[in-house]
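Every value quoted in this text rests on a predicted model; they were computed, and no experiment measured them.
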Amino acid sequence: MTSAPSQYNSPGMDINNMMPEALNRWGCDQLKARFGDGLAPFGCTAEDYQSWK
């Protein structure tokens, strides 16, 4: 989350999606701070499956 070269790192997305809500939210917040100008990755998407939670 803090050093991934992209928000679309496949293993990272899968692991973050399986984390409890508090850890998932922290991870998504870290990614959003770094890559927030792009579409959200799997596990960090809102209801529209594109924007960030």
With a 3.5 Å cut-off and sequence neighbours excluded, list the donor-acceptor pairs that the side chains of residues 12-27 form with protein atoms.
residue, atom, partner, partner atom, Å
Asn24, OD1, Lys53, NZ, 2.5
Asn24, ND2, Asn16, O, 2.9
Asn24, ND2, Gly43, O, 3.1

What's the spacing between Tyr8 OH and Phe42 CZ if we round to 0.5 Å?
13.5 Å
Closest heavy-atom pair and its distance - Leu31, Pro41
CD1-CG, 4.2 Å
Mind jotting down which residue pairs meet the disulfide bond (SG atoms under 2.5 Å apart) criterion with at least one end in residues 8-48? Sequence neighbours excluded, please.
Cys28-Cys44
Test your reading of the model: is there a side-chain donor-acceptor pair from Arg34 to the backbone of Gln7, 3.5 Å cut-off?
no
Hey, quick one: are Leu39 and Phe35 part of the same hydrophobic cluster, counting side-chain heavy atoms closer than 4.5 Å, chains of contacts allowed?
no
Donor-acceptor pair, distance only, cut-off 3.5 Å: does the side chain of Trp52 make one with the backbone of Asp37?
no
Counterpart residues, side-chain hydrogen bond (donor to acceptor under 3.5 Å, both in side chains), relative to Asp48 (two or more places apart):
Ser51
